[in-house]
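The structure appears right after this line, and notes come after that.
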Amino acid sequence: MKRLLFILAFALTFVSCNRHSEHWNTLSNVESYIVEHPDSALIVLEQIDISELTSKEERAKLALLLSMALDKNYVDKTDFNVLQPAIDYYEDNGSATEKFQTYYLQGRIYQNQGNDTQAMIAYAQAKELLGGIDNHYLSGQLHTEIGNIYRSNYDYAKSLEAYQPAYDHYTAVGLESYAAYALLDIGLSYWNLEDIAKGIEYINEALQMALKLQDEYLEMVCYQNIVILCDDIDAVGRCGSIVEALVDQYNIEKFDSGSLVAIASYYAEVEEYDRMEEYIGRAWSNTTNAKDSINVYLTQADILKRTGKPEEALQYFEAGVKRQNREVRSSLKQPIETTQKEYFQQQAEHNAYRLKKDRELYITLGIIALLALIVVAMYIRHRMLSKDLEISKYMVLSSELQSAIRDREDRLSAISEHISSQEEAHNTLVSDMHRQIAELFEKQYELLDKLSNTYYETQGVSKEKENIFKQVKSEIDKFATDKRAVAQLEKIVNTYKRNVIGLVRSEIPNISERDITLLCYIYAGFSAKSISIFIGETTSNILTRKSRLRSKIAKLDSANARVVLEEMP
């Protein structure tokens, strides 16, 4: 009897531990958009109280998604506090994808710690699971990080072997932005392998994709690497136009030390020594690792030698060589290939041991399951006999109730017909109202979007299209300056989007009309290109303002703010 009670208690505990809380649907929803919108995902996940989760599976899912969101928002964690519940749970549970993501995130944390050996072991464990997940995005991410480790350890041939499949995976599913960065990585690997022609070819290809995607950061990085490459082959004097474009068009504070010393080298070449000193100083301020310092030492030594200061040049050269020797010795201490071989050997031995233990466990569980089935069958038989007695007793009561039920059926039928007629009238009214709003909204949107596209297509072309261009520009300007049109658009948006603009005005009383106008266009579904024409700003500036407004609203932490964020496209 005691054994039976133990088995039943175990079964009840197992069922209760796997019951999901109200947060499970939220976690599943976040999982569907975390790759495209990691900032929104992080806001939602950080609002979940872990004490309200009812199972280890839910806590593991939250830990995994929160670690992913932090990584994708460039929050570089160096400890396992957030991820640990996922590590503990997915070691023996979960899908192949969940196990893969857990190993991958462990590798990212080890990389943040500077422990490339342990990172590579984690990535090797993740790589074993690639055959079972069939996900090009995750495969591309893994190969990219493996390539980054090889590159940081100066094994450029291995990094190239990793970056190439990363590019193939991204291309297979149309992830153009990720593919563009992979092309840049491939170009840098060829360059470091001294295949200058292929290096330039791939960097230029990445630059063309950056221009197509309007990715200003990637454009800047491509231009920087072209200047660095020119400096590396002693041709920086021919990159004057690119150097001036970098200095004039981009934020110098975001430049890495490598591009800053290359720019300094250019100014030394053209004998603008004040600017040379300025950029050398900036390069020293932006060094983040030993490789950066070595580069600055050696470049400054070369500049001093060219400017007639051989003694100072020698000092910087010797300091750079000493730092380089220390870095090489440090890199040699990280046996990446040996570590992988030892890991796979240990893994094979561990798998054999686990297979033996699993076989014994399955036999024991099979016996327990058989006994449980017998107990359950006996219990069900007893219940069936008891139910037969209850059924015969309730059949008598049933016949007495039937007559009362028939009397009420007629009255219920009349009530039902009355309710149906009212409900049909209400649904017709609501349907008409929504249709009218949708038609008005659609006409406004369709007209303006066609005008915007025509504006872009005719801008800057031959005189034959000049009259069309002027007409379209005039129509767009009239709409952009028509306060009544904007007010009408605000009214439509409020009607169709749960009064979002009204909620914004109530939550942020001091918000400018300029920001209100931008939000009206965003909620109405206009593209950044269309909005840039209406308000006379660049698309990048519009996206930046949108991001700042989203962050400002997210900090309010109210029910109205959540509605505003949910409706924001």
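Computed from a predicted model, the values in this text were never measured in an experiment.
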(request) Using atom types as modelled and distance alone, determine if a side-chain donor or acceptor of Asn112 lies under 3.5 Å from a backbone N or O of Lys77. (result) yes
(message) Quick one about Ser159 and Ser189 (side-chain donor to acceptor, distance below 3.5 Å, no hydrogens or angles considered), yes or no?
(response) yes
(message) Under a 4.0 Å threshold between the charged nitrogen and the carboxylate oxygen, would Glu205 count as salt-bridged to Lys198?
(response) no
(message) Surrounding OH of Tyr217 (heavy atoms of other residues, nucleotides or ligands, distance under 6.0 Å), is the total greater than 12?
(response) no
(request) Measure from the side-chain N and O atoms of Tyr104 to the backbone N and O of Lys99, and report whether any donor-acceptor pair falls under 3.5 Å. (result) no
(request) Please say whether more than 12 non-hydrogen atoms of neighbouring residues, nucleotides or ligands are located less than 6.0 Å from NZ in Lys127. (result) no
(message) Between Leu70 and Arg108, is there a side-chain heavy-atom distance shorter than 4.5 Å?
(response) no
(request) Would you please test Phe80 and Tyr110 for ring-ring contact (aromatic ring centres under 6.0 Å, His included) and show each step? (result) CA-CA 9 Å; Phe80 293 90; Tyr110 281 125; 5.1 Å; yes
(message) How long is the straight-line distance from CG of Asp168 back to NE2 of His136, given to the nearest 0.5 Å?
(response) 10.0 Å
(message) Under the criterion salt bridge (charged side-chain N to carboxylate O under 4.0 Å, His left out), I'd like the reasoning laid out for Glu277 against Arg282: C-alpha separation, chi angles, the key distance, then a yes or no.
(response) CA-CA 9 Å; Glu277 291 290 344; Arg282 289 181 179 275; over 6 Å; no
(request) May I have the step-by-step check of side chain to side chain contact (heavy atoms under 4.5 Å, CB included) for Ile186 and Tyr181, ending in yes or no? (result) CA-CA 9 Å; Ile186 293 170; Tyr181 281 90; over 6 Å; no
(message) Just checking Glu36: does its CD atom have more than 12 heavy atoms from other residues, nucleotides or ligands closer to it than 6.0 angstrom?
(response) yes
(message) Rounded to the nearest 0.5 Å, what separates atom CD1 in Ile242 from atom CD1 in Ile263?
(response) 11.0 Å
(message) So does Thr544 get a backbone contact from the side chain of Ser547, meaning a donor-acceptor N/O pair under 3.5 Å?
(response) no
(message) Rounded to the nearest 0.5 Å, what separates atom CG in Leu65 from atom CD in Glu98?
(response) 8.5 Å
(message) Quick one: does any side-chain atom of Asp79 pair with a main-chain N or O of Asn81 as donor and acceptor, under 3.5 Å?
(response) yes
(request) Evaluate the side chain to side chain contact (heavy atoms under 4.5 Å, CB included) criterion for residues Ile146 and Leu142: first the C-alpha distance (whole Å), next the side-chain angles of each, then the deciding distance (0.1 Å), finally the verdict. (result) CA-CA 6 Å; Ile146 291 173; Leu142 177 64; 4.0 Å; yes
(message) Please find the pair of heavy atoms, one from Leu184 and one from Cys222, that lie closest to each other, and give the distance.
(response) CD1-SG, 4.3 Å
(message) Under a 3.5 Å distance rule, please check whether Thr171 uses its side chain to pair with a backbone N or O of Tyr167 as donor and acceptor.
(response) yes
(message) I need the Met68 CE to Ile34 CD1 distance, nearest 0.5 Å.
(response) 4.5 Å
(message) Tell me whether Asp195 contacts the main-chain N or O of Trp191 through its side chain, where contact means a donor paired with an acceptor under 3.5 Å.
(response) no
(message) I'd like to know if the side chain of Glu272 and the backbone of Tyr267 have a donor-acceptor N/O pair within less than 3.5 Å.
(response) no
(request) Please report the shortest heavy-atom distance between Val500 and Val564, naming the atom on each side. (result) O-CG2, 4.0 Å
(message) Could you check whether Ser540 and Gln214, counting side-chain N and O atoms only, form a donor-acceptor pair closer than 3.5 Å?
(response) no
(request) For the pair Leu207 and Leu218, evaluate side chain to side chain contact (heavy atoms under 4.5 Å, CB included) and give the outcome as yes or no after the intermediate values. (result) CA-CA 7 Å; Leu207 176 59; Leu218 182 56; over 6 Å; no
(request) State plainly whether the residues Arg562 and Glu566 are in salt-bridge range, i.e. N to O under 4.0 Å. (result) no
(message) Distance check, rounded to the nearest 0.5 Å: Ser139 atom OG versus His169 atom NE2?
(response) 4.5 Å
(message) Side chains of Tyr202 and Asp185 only: does a donor on one sit below 3.5 Å from an acceptor on the other?
(response) no
(message) Within this structure, what is the OG1-CG distance for the pair Thr539 and Leu543, rounded to the nearest 0.5 Å?
(response) 6.0 Å
(message) Looking only at the side chains, is there a donor atom on one of Tyr123 and Gln111 sitting less than 3.5 Å from an acceptor on the other?
(response) yes
(message) For a side chain to side chain contact (heavy atoms under 4.5 Å, CB included) check, start with the C-alpha distance between Ile508 and Ile553, then their side-chain angles and the critical distance, and finish with the verdict.
(response) CA-CA 8 Å; Ile508 312 175; Ile553 294 165; 4.1 Å; yes
(message) Check for me whether the distance between the ring centres of Tyr156 and Tyr190 falls short of 6.0 Å.
(response) no
(message) Main chain of His37, side chain of Ser40: is a donor-acceptor contact present, judged purely on distance under 3.5 Å?
(response) no
(message) Does Tyr163 form a side-chain hydrogen bond (donor to acceptor under 3.5 Å, both in side chains) with Asn148? I'd like the steps, not just the answer.
(response) CA-CA 9 Å; Tyr163 289 139; Asn148 290 341; 2.6 Å; yes
(request) Report yes if the side chains of Asp215 and Met209 come closer than 4.5 Å at any heavy-atom pair, otherwise no. (result) no
(message) Under a 3.5 Å distance rule, please check whether Asp71 uses its side chain to pair with a backbone N or O of Ser67 as donor and acceptor.
(response) no
(request) Would you please say whether a donor-acceptor pair under 3.5 Å links the side chains of Asn73 and Asp39? (result) no
(request) Mark yes when over 12 heavy atoms from residues, nucleotides or ligands other than Asp248 sit less than 6.0 Å from its CG; otherwise mark no. (result) yes
(request) Please name the pair of heavy atoms, one in Ser152 and one in Asp116, separated by the smallest distance, quoted to 0.1 Å. (result) OG-OD2, 3.4 Å
(request) Check Val30 against Ala41 and note the closest heavy-atom contact, atom names and distance. (result) CG1-CB, 3.7 Å
(request) Write down the atom of Val493, the atom of Cys520, and the distance for their closest heavy-atom approach. (result) CG2-O, 3.8 Å
(message) Any side-chain to backbone donor/acceptor pair from Tyr170 onto Gly140? Under 3.5 Å, distance only.
(response) yes
(request) Identify, with sequence neighbours excluded, every residue that meets salt bridge (Lys or Arg N to Asp or Glu O under 4.0 Å) alongside Asp515. (result) Arg545
(request) I would like to know whether Tyr137 and Tyr178 meet ring-ring contact (aromatic ring centres under 6.0 Å, His included); could you show each step before the answer? (result) CA-CA 9 Å; Tyr137 167 74; Tyr178 289 95; 5.4 Å; yes
(request) Taking all heavy atoms of Leu83 and all of Thr102, pick out the closest pair and write down the distance. (result) CD2-O, 4.1 Å
